[in-house]
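A short write-up of the structure that comes next.
Both ligands and their constituent atoms are indexed starting at 1 by order of listing. All values below were derived from every heavy atom in this structure, side-chain atoms included, with hydrogens, water molecules and symmetry-related copies excluded.
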Amino acid sequence: MKPALKITNLKKTYGENMHALKGIDLQVEQGDFFALLGANGAGKSTTIGIICSLVNKTAGSVEVFGYDLDTQREQVQEHIGLVPQEFNFNVWEPVMDILINQAGYYGIDRITATERAEELLRHLDLWDKRHEQANKLSGGMKRRLMIARALLHKPKLLILDEPTAGVDIEIRRSMWKFLTQLNQAGTTIILTTHYLEEAESMCDNIAIINRGEVVSNTSMKELLSHLNVETFVLDVK
Ligand code: ATP
């Protein structure tokens with residue numbers, strides 16, 4: 001079985017000398033729930049931006065389910081759902097319209113899109129909000145709307161960039177539950193986070209990235225058994 005994600009010697013330099021990624025290697029197996037942990041500026045969003053074709057890489061290779069980013073970009077994009085860090089939908093649109101419009105980008109017909117959107121809104125506790133303008137939603141609800149939007153085309157790999165930043169603990173827990181169920185149903189998940197607690201509660205494997213380098217890449221169990229984690233996380237900050 002091809003890995004869900006294989007990154008080899010990935011480098012990114014912004015401008016002349018901002019070496020955001022210094023040649024990272026990562027492999028995420030199909031069905032995995034994988035955490036990319038790192039402090040501010042470590043290179044997490046840059047890595048995700050490259051995988052999702054939002055940022056151009058300087059060197060290295062990226063494969064998603066065996067599809068090469070350089071030569072098979074369309075297939076790569078079809079397999080990925082992205083929940084970005086920033087809200088990037090039109091907040092004046094009603095929730096349902098945001099989802100239906102997104103489905104249109106993937107060529108999903110309106111009936112199927114409506115069915116999928118309704119199902120996702122129910123699972124994500126947004127059903128009552130389906131006719132509301134997105135600007136009326138709380139931060140946690142907007143975050144869940146972005147998860148629904150990312151899942152409309154049924155990607156095999158869901159990538160979330162700090163999905164629970166600024167979300168209160170109760171909503172965070174309900175998002176963890178939803179993501180765990182999604183993963184158990186077969187979707188590979190990668191998330192970036194600052195919180196070890198978040199990674200620990202959900203993820204099987206974890207890579208820690210610091211100043212553009214992967215400094216640890218192991219199973220969550222291994223990490224927790226071999227390291228004084230609190231000290232380690234403090235060290236990389
Ligand atoms: P955060 O947790 O704060 O989102 P991150 O781990 O996602 O951080 P990146 O956003 O990937 O880190 O940034 C990695 C480094 O690259 C940082 O030093 C950042 O300042 C720099 N960087 C990111 N985007 C750009 C850009 N467009 N131009 C110049 N430098 C950038």
Which protein non-hydrogen atom lies closest to [atom], naming both residue and atom, and how far is it?
atom	result
atom 12 (O) of ligand 1	Gly43 N, 3.2 Å
atom 17 (C) of ligand 1	Gly41 O, 3.6 Å
atom 31 (C) of ligand 1	Tyr14 CD1, 3.3 Å
atom 4 (O) of ligand 1	Gln85 NE2, 3.3 Å
atom 3 (O) of ligand 1	Asn40 OD1, 3.0 Å

If you count the atoms of ligand 1 from 1 in the order shown, which ones are under 4.0 Å from a heavy atom of [X]?
X	result
Ala42	5 (P), 6 (O), 12 (O)
Glu162	1 (P), 2 (O), 4 (O)
His194	2 (O)
Ser45	4 (O), 5 (P), 7 (O), 10 (O), 11 (O)
Ala39	6 (O)

Quiz prompt | Contact bool for atom 29 (C) of ligand 1 (protein heavy atom, d < 4.0 Å) | solution =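 Yes, there is a protein heavy atom closer to it than 4.0 Å.
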
Practice problem: For atom 20 (O) of ligand 1, decide whether some protein heavy-atom distance is shorter than 4.0 Å. | Solution: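 Given the 4.0 Å cut-off, atom 20 (O) of ligand 1 does not count as touching protein heavy atoms.
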
Side chains of [X] and [Y]: donor-acceptor distance under 3.5 Å anywhere?
X	Y	value
Asp161	Ser45	yes
Thr193	Glu162	no
Thr46	Tyr14	yes
Arg149	Asn88	yes
Asp109	Thr112	yes
Gln27	Glu29	yes

Quiz item: Using heavy atoms and a threshold below 4.0 Å, how should the contact between Lys44 and ligand 1 be classified: side chain, backbone, both, or neither?
Solution: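 Looking at Lys44 and ligand 1, atoms from backbone and side chain both fall under 4.0 Å.
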
Quiz item: Between Arg172 and Tyr195, is NZ or CZ placed under 6.0 angstrom from the six-membered ring centre and within 45° of the ring axis?
Solution: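 Verdict for Tyr195: a cation-pi partner in Arg172.
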
Quiz item: Honestly, is Lys2 close enough over Phe65, meaning NZ or CZ under 6.0 Å from the six-membered ring centre and within 45° of the axis?
Solution: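 Checked: cation-pi criterion not met.
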
Self-check item: Polar contact flag for Ala20 and ligand 1 (N/O pairs, less than 3.5 Å)
Solution: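 In fact, backbone or side chain, Ala20 has no N or O that close.
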
Quiz item: Should Met18 be counted as touching ligand 1, given the test is an N or O pair under 3.5 Å?
Solution: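 The answer is no, given that Met18 and ligand 1 share no N or O pair closer than 3.5 Å.
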
Quiz item: Are the side chain of Ser138 and the backbone N or O of Met141 linked by a donor-acceptor pair below 3.5 Å?
Solution: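 At least one qualifying donor-acceptor pair exists.
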
Practice problem: Start with the C-alpha gap between Leu26 and Phe34, add the side-chain angles, then the distance that decides, and say whether side chain to side chain contact (heavy atoms under 4.5 Å, CB included) holds. | Solution: CA-CA 11 Å; Leu26 281 178; Phe34 191 92; 4.1 Å; yes

Practice problem: Between Thr46, Thr13, Ile48, Thr193, flag the one that comes closest to atom 11 (O) of ligand 1 by a heavy atom. | Solution: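 It is Thr46 whose heavy atom sits nearest to atom 11 (O) of ligand 1.
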
